[in-house]
Every structure is written in C-alpha cells, then in structure tokens.
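Below: one structure, written as structure tokens.
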2 protein chains.
Amino acid sequence: MLSTTEENYLKALLQLTLEQSPKTEAGTNGLAAHLGVKPATANDMLKKLKEKKLINYEKYGKSSLTAQGRKLAIEVVRKHRLWETFLYEKLGFTWDEVHEVAEQLEHIQSQKLIDRLDKLLNYPSFDPHGDIIPTAKGELKMPVKKTLNEEEVGHNCKMIGVKDNSAAFLQYVDKVGLSMHNHIKVLARQTYDELIEIEVNGKQSSVSPRFAENIVIVCEDCEKKNKKTAKKKA
Amino acid sequence: MLSTTEENYLKALLQLTLEQSPKTEAGTNGLAAHLGVKPATANDMLKKLKEKKLINYEKYGKSSLTAQGRKLAIEVVRKHRLWETFLYEKLGFTWDEVHEVAEQLEHIQSQKLIDRLDKLLNYPSFDPHGDIIPTAKGELKMPVKKTLNEEEVGHNCKMIGVKDNSAAFLQYVDKVGLSMHNHIKVLARQTYDELIEIEVNGKQSSVSPRFAENIVIVCEDCEKKNKKTAKKKA
DNA sequence: TTATTTTGTTAGATATCCCTAACTTTTATA
DNA sequence: TATAAAAGTTAGGGATATCTAACAAAATAA
Ligand SMILES: [Mn+2]
Ligand SMILES: [Mn+2]
Ligand SMILES: [Mn+2]
Ligand SMILES: [Mn+2]
C-alpha cells in the first residue's frame, strides 16, 4: 500500500511526463517544483520509489515511471477526476472548487467506492475541466493536441496552451477574448484570406492562420469519437 | 488544523466518555486499547492535546474533552456518519461495509463538502447503524438508553448491549435469536406472568423480565420524537 | 576548453507518530 | 497495612517526510 505522499509523487511524474509536455522523463528539480517541495526532498523519494520498482531513476539522470508505477499513477488520476465529476455533478461545486477537495479524496483506499462512484455518475468520460477520465482498466488516452490552425471546421475544441509566450501575443490572445480552458468552436475558414472564424463564450471573432498556429488546443469531438471507438472494441 | 491522528484521538475520547458508557473520563490504557496503540503512544498524544487545550489531562489522572475538543470530536463523528449514510444510501454499500471507508472519509477537510453531502442526503438524522448524526450546529443528542424491560409496548428499539456478561446469559440471548444491533419490536406484555413478547427479524419470542432487564436497548421511537421536537424548536 | 550556471546529491536536523523496556504511581488484595 | 497488580509515565529509538547548507556533476556560455 502506498502512502498519500508516494501517490502524489507518482501522479506528478505522470503529469510531467505524459500530460503537460511531449517529454517522457522528468528531472528532480522539476518534480520538486511541481510538488512544492525542495529538490533534496524529491531526491529522497526518487530513491525510495526506485527501490519499490515504481520508477526508473539513476543518479544524476532523469526519471520515468515503470509499467507498475504508471498503472498506480493512472489509478490516482482516475480517482481524482471521478471525484471532481462527483463534486461538480452531484454536489453543485463550481469547476474551480473541485480540484482542491479532489486532491484529498483521490487518496481514499476502496476499490468498491470508486467502482460505485463511477456507476453513480454513469461512467463519465470527462471531468468538469474537460480532461479525460482513465477507464476502470487503467487506459488513459492522451488528448489529441494540435493547434487551432489544424482544427476542422465545425469542431469544438478547448484551448490548453500557447506556443508563443511573448507579451505581444498574449495580449492579443486576451483581446480576442480567449483564455486557458476556453471552449472554442471553429465556424468557418475563409477561402479568400484564410481567416478562421471562431466562437468563444458566445462571441464571434476571426483570427489569422499565423495567430491560430500558436494556440494549442485539444479537439473535443475527436476525444468523443475515440471514446466511442474504444467502447465498441470493449 | 488537526492531523488525522489527533482527530482520531478526540473521537475516541468522545466515544469512551459519552457514547459507550456513562463515564465522562477515560484512562490512558483504555484510550490506547480503543485506538489500537500502546499506552506510551497515547500518553504522548494526551500531553500534546492538553497543550492544545483540547482535553483536560493531569499526570496519573483520567482525561476528558474540553468544550473545544468536544466540538471538534463531534464534527468528526458527524462527518463519519454522513459518509456512512452516503455510502449506504447512494452507493449501495451494505451496513457492515460502510464503517471502514468512513474512517478514511471522515478526515477530508471541506466544510462545503459536508454541507452539500448533508443536503444531498436530505439532512438525515440517523446513520445506517441507527446512530444519531450530530447536527450542523454540533448538537449530539445522546440516545435514550434503557433496558428492554423498560421499553413501552408497541415501540421499536435496537439492542446495544447487555448487563450480564455470563456465558449462560449470552448463550440464552443467542438462543432467543438476539444479537447486537438487532431491531426489536415489543409486541405485548402479559399481565398474568409479566412475559414480554418481542419480534426480532420477523421471529416472535417471549422473554422474562429477569432476562429483559439485562438487555440494553435504545428506543428508536423516542429518538425520532426527540428529533422532531428539536426541529420544531429550530 | 575553461569558467559559470544549472541541476542534482548528500549530510545533518526537525516534527509526527509509533514502538519496547524500564520505571513510578495508584489501586486492589491478602 | 504491606504487598501485589494494574495503570500510567519516561527514556530512548525507528520510520516517514520535510527542511537547510554544503557539495558534486552536468550543461551551458564565454
Ligand atoms: Mn484536478
Ligand atoms: Mn494528492
Ligand atoms: Mn462507523
Ligand atoms: Mn478515523
């Protein structure tokens, strides 16, 4: 049985190596920063988790999850997102309130509790933030990340990042009415000047391809399609 | 903010001094046994909790909760019983499965979570074991304990203990079909020989006053009446 | 390629919670 | 009341998880 702390380290490693970037390894300092502890503290835990064969770690090297560590990390993420969904759907929490409480609830040890919660929520695929909930079998399909420029007309997507971090660009993003986690619908693409018409929060705008290729999004329609395909296979 | 361990000590002290017996103080060894730790361990914690002004404790003396300690202990009991009710009512757990998971859930820190859970469950008064759930204001009405001999005809009660612990008596209890937490209905009292007719698990039996005065029960009809009175006042 | 900066490690400490073994005080018994 | 038993305490130590300060290795820049 893992401690709450050990679970948090595995989850952090999963997020650092699979969700937040294309990397598959994470450094000691980055991990420590992500968890809000000092590098010395993270270093101790890395040695301990390697001992338990949950991570790959060599002195002065980067770390990654083993198959077993990844399995456990995904279980924690599944519990976290199911609890967030419960708080949002059943208890009327707002989307910004759920995370903090889910950080505590994700460590409750009871397989039956999670199975029943999943059932109560009617086996949800996404949490209130639009993130994918890993399946009971431990499958975690990574969201299909692409730029707004690559999105199909008619599709709905969510902004999850930017490629250009310049102040000028970010101010322009703001002016267009976009911000992180906003839902965007691609209405049309003008053949004449390539401008992309989008709708955000009920407001329409047109953006250039130059602008759109710096907005990282995840296509929600593609996510749903993936989910359905997975269900048919099962 | 109290640690999970500190909360468990306060809850144990409440149970030892208010629920399980008429005592208002508990000894170090009894507390340790209740929590499954060694007396030396409990002794350390008693000193720590006294320092925090949550308990009254003097070297070589018995311990009791201060007003503040009692308030916190009752909050933990409230959370525990609300979670048990949730697991039973909403997730289909059986009454014997809920306690273990509630031991973990009772330590989740979120006032909003508890308020909303209470609402979701429609402000329940009793947990799946028939124990009273403290109110949001921290009121914990002690169940009206009496012996089966004192119970009114027509009332429903729950067996919560025995006064005679001899093997002969306990075997007789078993033969009558009674066991801890059984629900008992008092059907009638014969004027001729004072025998009390009861129904347990759909099975009827007659017991003597001598027998009945050794069965400790809590009257469930009285509990409900108390509850309604309290609601009218509020 | 040498120097500097960044990254990662180690040693030594602290806090919490638990233990065993030895001791002390209180209570019960003879 | 003297003694034995029960109850309670203390000393000293282990495990976990955290820190600071000093050090070592790797990466980057000059
Ligand atoms: Mn979250
Ligand atoms: Mn967590
Ligand atoms: Mn319980
Ligand atoms: Mn507990």
Side-chain angles (χ1 to χ4, degrees), chain A residues 1-13 16-17 20-21 23-65 69 72-73 76 103-104 106-107 109, chain B residues 1-13 16-17 20-21 23-65 69 72-73 76 103-104 106-109 165:
Chain A
M1 188 73 86
L2 296 181
S3 70
T4 288
T5 308
E6 289 169 324
E7 288 192 340
N8 283 340
Y9 275 85
L10 292 182
K11 191 177 65 150
L13 216 34
L16 249 32
T17 59
Q20 297 195 335
S21 67
K23 289 180 293 180
T24 57
E25 293 182 314
T28 305
N29 288 7
L31 182 62
H34 191 264
L35 285 161
V37 298
K38 293 293 141 87
T41 306
N43 187 259
D44 284 345
M45 185 59 86
L46 288 175
K47 286 188 277 190
K48 186 180 171 190
L49 292 174
K50 177 197 168 70
E51 203 54 44
K52 292 192 174 189
K53 298 192 196 306
L54 298 174
I55 68 166
N56 305 119
Y57 162 74
E58 296 302 333
K59 204 164 156 179
Y60 291 110
K62 304 291 177 186
S63 304
S64 62
L65 292 164
L72 292 169
V76 178
E103 276 301 316
Q104 298 179 61
E106 72 188 0
H107 303 291
Q109 301 294 320
Chain B
M1 187 74 85
L2 297 180
S3 69
T4 289
T5 308
E6 289 170 324
E7 288 192 340
N8 284 340
Y9 274 85
L10 292 182
K11 191 177 65 150
L13 216 37
L16 248 33
T17 58
Q20 296 195 335
S21 68
K23 288 179 294 180
T24 56
E25 294 182 313
T28 306
N29 288 7
L31 182 63
H34 191 263
L35 286 162
V37 298
K38 294 293 141 95
T41 305
N43 186 260
D44 285 346
M45 185 59 86
L46 288 175
K47 286 188 277 190
K48 186 179 169 190
L49 292 174
K50 176 196 168 72
E51 202 55 42
K52 292 191 173 189
K53 298 194 197 303
L54 298 175
I55 68 166
N56 306 118
Y57 163 75
E58 296 301 333
K59 205 168 157 177
Y60 293 110
K62 304 292 176 185
S63 304
S64 62
L65 292 164
L72 293 170
V76 178
E103 277 301 317
Q104 299 179 61
E106 70 187 4
H107 303 292
I108 301 292
Q109 302 293 321
N165 278 291

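What you see below is based on every heavy atom in this structure, not just the backbone, and it leaves out hydrogens, waters and symmetry mates. Below, chains carry the letters A, B, ... as their sequence lines are ordered, and counting in each starts from 1.
Nearest heavy atom pair, residue Gln109(B) against residue Gln104(A), reads N-OE1, 2.6 Å. Listed here is the closest heavy atom pair of Leu65(A) and Ala73(A): CD1-CB, 4.2 Å.
OP1 or OP2 of dG8(D) has not a single side-chain nitrogen or oxygen of Asn43(B) nearer than 4.0 Å.
The environment of NZ in Lys53(B) is sparse: at most 12 heavy-atom neighbours from other residues, nucleotides or ligands sit within 6.0 Å.
Following rounding to the nearest Å, Leu46(A) (CG) and dT10(C) (P) show an atom-to-atom distance of 11 Å. dA17(D) atom P lies 12 Å from atom CG of Leu10(A), rounded to whole Å.
Looking only at side-chain heavy atoms (C-beta outward), Leu10(A) and Leu2(A) come within less than 4.5 Å of each other. Looking only at side-chain heavy atoms (C-beta outward), Glu6(B) and Leu49(B) come within less than 4.5 Å of each other. Residues His34(B) and Leu13(B) form no side-chain contact, since every pair of their non-hydrogen atoms from C-beta on lies 4.5 Å or further apart. Side-chain contact check for Asn8(B) versus His107(B): some heavy-atom pair is nearer than 4.5 Å.
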> What is the per-nucleotide protein-contact pattern of nucleotides 14-20 of chain C, from the 5' end, where B denotes a base atom under 4.0 Å from a protein heavy atom, S denotes such proximity for sugar-phosphate atoms only, and - denotes neither?
Replying inline: --SSBBB

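Near DNA chain D, meaning a heavy atom under 4.0 Å away, the residues from residues 54-65 of chain A are Tyr60(A).
In this structure, Lys50(A) contributes its side chain and Tyr57(A) its backbone to a donor-acceptor pair below 3.5 Å.
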